[in-house]
A.B. asks: 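I have a structure here, written as structure tokens, and I will follow up with some questions on it.
It should be emphasised that the depicted structure is a prediction, and the values quoted were computed from it without experimental measurement. Proteins get letters first, then strands, A, B, ... in listed order; numbering begins at 1 in each.
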Amino acid sequence: MKRFLPLIIFGVLCVILVIGLQLNPKEIPSPLIGKSAPQFKLPILSQSSTTFTPEQMQGKVWLLNVWASWCVSCREEHPLLNELAKQNTIPIIGLNYKDKNDPAIEWLTKMGDPYQLSIVDESGTVGINYGVYGVPETFLIDQKGIIVHKFTGPLTPTNLQKDLPQLLAKLNR
Amino acid sequence: MQSKQNLKIKNTFYIVLFIFFGLFMMQTTFATEAPPLAENPELELKVMQVASELRCLVCQNESIADSHADLALDLRQQIREQLQGGKSQKEIIEYMVERYGDFVLYKPPVKSNTLVLWFGPFILMIGSLFALFRFARKEKNSMPINTDSTAEIEKARELLSSSRKNLE
């Protein structure tokens, strides 16, 4: 037994390290979950005279998807968002983060527009208030304006087919 | 001999090339790194001081002071504005934690879920020191010096004295 002690210690260390490797360091728990979504008032993309505030969504469960035309992984999740928009289960609001209007509009015409509307956060201040650090990010906000969940990085099919329906079922209960 | 010299020349050539390449790289990084000229160096110093306490969430092993990520630039600007607005370092750090969580701090707070992080290394060190002492004591006891063979001790003494003489 004693002879195998180093081997056992080594084995335990290996298991711990392997578990460590499975974790995603990019997934940082957001301190905003369970808190009300930060307020803002920003112009709407391609209708710069009108503004949007989260208060307008009061009473609805909705998604706030942070995107940009320069963001490569946004391309990856965009078809999924288009599909979700077609299902008409939940309104999606886009937050066009640190982008220019022209390429953003072009991007939406080329790739399809899943958003009810997109808001323009050219300076990125609203992004900071929402703790955005890696586009794309998606926030699920409930009827009372509280952030229920945050998806960091591109949405995956499992996110939309499993996680989101589960979260929505909990909210509608 | 000839080939050896050739090799030497070749090596020096590579080293010089390497140094030049290194200098060239340094030049280019300096060129892109040039920070915007501070209007108020004192404020800038304070900004960097606060920024160095905060982790850049894009490139997680860099502080916001060191990082060139867009987000780090924005956050430095945010710090600058808040300092100008008269906020204290503590208030700014609280502002960042509210948005990005404890992960943004390079020095995580002592909490129930960070206890292992804070005290684990000390426990590990004390434990291994204890094990080391125990092991050392056991080894000492299990291997007593053989004092029976007086002949061998004599021989060792002789050797020692002769080497001492040689030194003198």
Side-chain angles (χ1 to χ4, degrees), chain A residues 2-3 5-6 8-10 12-13 16-17 19-20 23-40 64 66-74 95-100 121-137 139 147 149-150 152-153, chain B residues 50-51 54-64 67-82 84-85 87 91-106 108-109 111-114 116-117 120-121 123-124 127-128 130-132 134-135 138-139 142:
Chain A
K2 208 146 188 208
R3 188 190 248 175
L5 196 63
I8 292 166
I9 293 173
F10 178 72
V12 170
L13 209 62
I16 291 171
L17 292 178
I19 291 171
L23 300 174
N24 181 3
K26 286 268 161 198
E27 231 159 70
I28 299 157
S30 171
L32 289 166
I33 287 167
K35 297 204 178 125
S36 33
Q39 287 300 320
F40 58 82
L64 180 72
V66 186
W67 68 280
S69 67
W70 48 262
C71 151
V72 182
S73 353
C74 296
L95 180 75
N96 188 219
Y97 176 70
K98 297 201 72 165
D99 208 350
K100 294 266 174 323
D121 180 22
E122 208 177 330
S123 65
T125 359
V126 170
I128 291 178
N129 283 339
Y130 276 79
V132 171
Y133 59 91
V135 200
E137 285 184 16
F139 296 87
I147 297 177
H149 192 81
K150 177 186 175 185
T152 309
Chain B
V50 179
L54 299 168
R55 182 197 303 277
C56 173
L57 286 100
V58 182
C59 17
Q60 298 180 350
N61 288 330
E62 280 186 311
S63 73
I64 285 173
S67 180
H68 303 302
D70 258 6
L71 181 69
L73 289 177
D74 285 354
L75 290 180
R76 282 208 292 267
Q77 182 55 32
Q78 195 62 233
I79 295 168
R80 196 172 292 126
E81 279 167 18
Q82 292 197 12
Q84 277 167 339
K87 288 226 174 132
E91 281 170 316
I92 295 171
I93 286 177
E94 266 165 24
Y95 168 94
M96 295 293 174
V97 171
E98 264 169 38
R99 283 156 184 77
Y100 295 100
D102 286 339
F103 193 81
V104 81
L105 300 172
Y106 256 118
K111 276 186 182 174
S112 60
N113 59 346
T114 55
V116 176
L117 183 71
I123 291 166
L124 215 64
S128 40
F130 180 71
L132 182 74
R134 244 183 55 169
F135 177 76
K138 224 168 95 193
E139 284 291 285
S142 67

A.B. asks: So, taking the atom named OG1 in Thr125(A) and the one named CD in Glu81(B), what distance separates them when rounded to the nearest 0.5 Å?
C.D. replies: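 If I round to the nearest 0.5 Å, the distance is 8.5 Å.
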A.B. asks: Would you say the side chain of Val132(A) lies within less than 4.5 Å of the side chain of Arg99(B), judging by non-hydrogen atoms?
C.D. replies: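 In short, these two side chains do not touch, never coming nearer than 4.5 Å.
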A.B. asks: With a 4.5 angstrom heavy-atom cut-off, is it the side chain or the backbone of Val104(B) that approaches chain A, or both, or neither?
C.D. replies: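 For Val104(B), neither part sits under 4.5 Å from chain A.
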A.B. asks: What part of Lys98(A) lies closer than 4.5 angstrom to a heavy atom of chain B: side chain, backbone, both or neither?
C.D. replies: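 Side chain only.
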A.B. asks: So how far is it from Ile128(A) CD1 to Leu71(B) CG, rounded to the nearest 0.5 Å?
C.D. replies: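 The distance works out to 6.5 Å.
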A.B. asks: More than 12 heavy atoms of other residues, nucleotides or ligands under 6.0 Å from OH of Tyr106(B): is that the case?
C.D. replies: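 Yes, because the 6.0 Å sphere around OH of Tyr106(B) holds more than 12 heavy atoms from other groups.
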A.B. asks: Let me confirm one number: the CG-OH distance from Leu75(B) to Tyr133(A), rounded to the nearest 0.5 Å.
C.D. replies: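 Nearest 0.5 Å value for the CG-OH distance: 13.0 Å.
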A.B. asks: Between chain B and each of Ser123(A), Pro38(A), Pro31(A), count heavy-atom pairs under 4.5 Å; write down the option with the most.
C.D. replies: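 Of Ser123(A), Pro38(A), Pro31(A), Pro31(A) has the most heavy-atom pairs under 4.5 Å with chain B.
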A.B. asks: Evaluate side chain to side chain contact (heavy atoms under 4.5 Å, CB included) for Leu32(A) paired with Glu98(B), printing each intermediate quantity in order.
C.D. replies: CA-CA 7 Å; Leu32(A) 289 166; Glu98(B) 264 169 38; over 6 Å; no
